[in-house]
Amino acid sequence: MNVKNRQAKVIIPVFVMVLALTVFTDNGAAASAAAGIAISRTQTTLYPGDSETLVLNNTTASQKRSIKWKSSKKAVVSVTKKGKITAKKVGKAKISARLSGRKYTCSVTVKSPKVTYVEPTKAPAAEGNQLFQSEVSKKMTSPAYWYNKVKDHDAVLMDRDDIIRQNELNIKEAATHMNDLVNMNLSYNSDDSKASLSKALMSEVRGDRIGTRTTIYRDGKALDTAAIDAWFAEMKANIDNAVTSAADTKKYGICVRRADVGMAPTADTVGWSATDPDSEFINSALNVNEPVITGITTADGKFTYVYTLNCNGWVLSENIAICDSKEEWKAQWDLFGKDDVLIVTGSHVQLEKSDFIPSTSGLDLYFGTILPLVPKSALTGVAERYPWYSYSVYIPVRGTDGKMVRQIAMIASNQNVSIGFPEMTVRNLITAAFNCLGDRYGWGGMLGAMDCSLYTRNIYRIFGLEIARNTSWQTAMPCLRTDLSAMTEADKKKAISKATPGSLLMFPGHITMYLGDDGGKQYVISDVGSLAESTGEDGVKSVYAVSINSLNVRRRSGNTWLQDMTWVVTPFESAK
């Protein structure tokens, strides 16, 4: 899991036609087949401005002149006397062809324009004094180098309906540990929840996570066993003294700034040594505008237990705003499939500083942040600025009463963002991944960064696909998976080479994105903590960055990544 490197991308809309058909006649498919006449398309998807010509197959020249073409909704799709259809606007229509008392029908869906990435026209920055993994060259640091190896790199891997269906499957699979927030029952016994969380703090965090360690480091200060126990007693009391009841109601919440999700109600950094770079109690991190369901709040009011789309944990209460209704909550974040949405596709965007609007001044919007656009009819100046050459978005902020308030903010048009959800293609997946090349690694999402599985999660989130949180949960998703664990090294290499670039490769403790093969070697991009070069001679390097490397690099054990690889997971392909 991890982040960064900014290769500015330009986002443009393109119109693409996708076809997929079925036949309907007044007397059914059997009648059509019996007559030997069939319509060339029975179902198709177009985009405004697209055209195609429908025909009735197996008809004579005389019969062709007798065909009567008609559109059920001319404002959506028009049709000429010769069967040429043209998409006019978003919607659905049926095109019918009548011949000799029979009717042949094509169902047409007109969708909004697609959005895709294109490469910048300017030359990439010089290599300078950058260091690369020894088997990586400068040219390999361009996403185009990899996606151009794939013949159909602009083919759509999942359409909107596929993504919605896969999201439902991922959530329903118990092994992914994902939460169905939209359908979650808000009524609960918060007395019982409090008791359960208090117990979990002592058994799972104090007992399992710390275990038999006699010293840990809290914000760099060493704690012995007695100090550890005293600290946990304080946190336990903060939970135990929370105001709860036997009949309580969870609330709909929205994250208002990048927030760590922790195992315990603390914002302190916890390490196993004085130089430990990982904060050991962090589970994950939330981007601005991610939805949560809130549970109990500690007695001091500083921490709230939340349920997110793919994990649970404690967050600082000040980072969550409460919505008055489910409708208000969904309108702010449930944006997939909508056009009036902005997605941060670069490493991060920082809102401008402002003396007039402190709630959004300098706010960081990280990779994968999704925000609603302000309708043009509602556009207005923000503080001292008029919105020329900027996108205006609704940022959720926390009011003085803890409720969500929507604040308009502007994002300059030069930023690395997408207007509308990009199509999920090999080109776009790899481009999105490379937008973070070189960004620092952050365990669980600490330091405003990402770890390996948060990185892969956010890549797919840009396209509307919600995947599980950590490495083992991601490999449990109900999609196309290949178990490599019992294979020989040669067979693993063959199996990986068959995978579509953009697929995930995992060994215990780390997950990567497959880029492709080059010179007989296989390459991945990932947010990596540490590794050793393929020879192992230079020892293990603390890389802590989004990096490209071959599968010949080694782990601390001395094994190569290829040797230890256990799964190929393709989130955009159905299980076979």
Side-chain angles (χ1 to χ4, degrees), residues 11-29 32 37-57 59 63-116 154 156 158-165 327 330-331 334-343 372-379 391-392 394 418-425 463-464:
I11 308 293
I12 63 169
V14 296
F15 299 137
V16 183
M17 183 172 73
V18 182
L19 305 177
L21 325 176
T22 43
V23 19
F24 303 81
T25 74
D26 284 349
N27 299 311
S32 295
I37 297 174
I39 194 167
S40 57
R41 297 278 190 265
T42 58
Q43 179 179 318
T44 187
T45 300
L46 304 176
Y47 295 85
D50 286 344
S51 294
E52 67 173 279
T53 299
L54 301 175
V55 298
L56 290 187
N57 294 322
T59 53
Q63 287 175 318
K64 283 182 171 61
R65 289 193 293 269
S66 300
I67 299 170
K68 303 296 183 183
W69 293 94
K70 184 179 179 180
S71 171
S72 64
K73 293 182 180 179
K74 295 180 181 179
V76 175
V77 183
S78 65
V79 61
T80 68
K81 293 180 180 180
K82 293 185 177 181
K84 181 179 179 180
I85 62 174
T86 301
K88 299 294 187 180
K89 68 177 185 178
V90 174
K92 293 185 178 182
K94 286 192 175 181
I95 303 299
S96 59
R98 286 191 175 273
L99 177 65
S100 301
R102 296 186 186 278
K103 185 170 74 171
Y104 307 83
T105 305
C106 175
S107 297
V108 182
T109 300
V110 181
K111 291 186 175 181
S112 297
K114 297 185 177 185
V115 177
T116 189
D154 284 328
V156 176
M158 298 184 93
D159 63 20
R160 180 180 182 276
D161 292 340
D162 292 333
I163 291 172
I164 291 173
R165 190 179 305 111
E327 291 69 30
K330 287 190 67 180
D334 193 8
L335 304 171
F336 180 61
K338 297 183 179 179
D339 298 322
D340 53 347
V341 59
L342 178 146
I343 302 134
L373 286 173
V374 179
K376 280 192 173 181
S377 59
L379 289 180
Y391 303 109
S392 294
Y394 285 121
S418 172
I419 303 304
F421 285 87
E423 291 293 329
M424 189 186 295
T425 65
F463 304 93

Any chance you could measure [X], atom [atom1], to [Y], atom [atom2], to the nearest 0.5 Å?
{"X": "I343", "Y": "S418", "atom1": "CD1", "atom2": "OG", "result": "4.5 Å"}
{"X": "L54", "Y": "T44", "atom1": "CG", "atom2": "OG1", "result": "7.5 Å"}
{"X": "K68", "Y": "S96", "atom1": "NZ", "atom2": "OG", "result": "12.5 Å"}
{"X": "L56", "Y": "Y104", "atom1": "CG", "atom2": "OH", "result": "6.5 Å"}
{"X": "T105", "Y": "R41", "atom1": "OG1", "atom2": "CZ", "result": "16.0 Å"}

What closest approach, in Å, do [X] and [Y] show between heavy atoms, and which atom pair accounts for it?
{"X": "K338", "Y": "F421", "result": "O-CD1, 4.1 Å"}
{"X": "K74", "Y": "K88", "result": "O-CG, 3.9 Å"}
{"X": "I67", "Y": "A97", "result": "CG2-CB, 3.8 Å"}
{"X": "V76", "Y": "K92", "result": "CG1-N, 3.8 Å"}
{"X": "T53", "Y": "S40", "result": "O-OG, 4.3 Å"}
{"X": "P422", "Y": "F463", "result": "O-CD2, 3.4 Å"}

Legend entry - Heavy-atom side-chain contact between P375 and D340 under 4.5 Å: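 No. Closest side-chain heavy atoms not under 4.5 Å.
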Inset, instruction - Using atom types as modelled and distance alone, determine if a side-chain donor or acceptor of S71 lies under 3.5 Å from a backbone N or O of V77. - result: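 Checked: pair present.
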Legend entry - Polar side-chain atom of T109 near backbone of T45 as donor-acceptor pair, under 3.5 Å: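 Not confirmed, T109 side chain does not pair with T45 backbone.
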Legend entry - Any residue meeting salt bridge (charged side-chain N to carboxylate O under 4.0 Å, His left out) with R165, in chain and number order, not counting sequence neighbours: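 Result, salt bridge (charged side-chain N to carboxylate O under 4.0 Å, His left out) vs R165: D162.
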Inset, instruction - Decide yes or no on side-chain contact (heavy atoms from CB on, under 4.5 Å) for L99 and Q63, but give the supporting numbers first. - result: CA-CA 7 Å; L99 177 65; Q63 287 175 318; 4.1 Å; yes
Legend entry - T59 and K64: side chain donor to acceptor below 3.5 Å: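 Per modelled atom types, T59 and K64 side chains form a pair under 3.5 Å.
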Legend entry - Residue pairs involving residues 75-87 (criterion side-chain hydrogen bond (donor to acceptor under 3.5 Å, both in side chains); sequence neighbours excluded):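 Checked against side-chain hydrogen bond (donor to acceptor under 3.5 Å, both in side chains) - neighbours excluded - the pairs reaching residues 75-87 are S51-T86.
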Legend entry - Passing option when L373 is tested against L379, L342, D339 for side chain to side chain contact (heavy atoms under 4.5 Å, CB included):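 With L373 as partner, L379, L342, D339 yield a single side chain to side chain contact (heavy atoms under 4.5 Å, CB included), made by L342.
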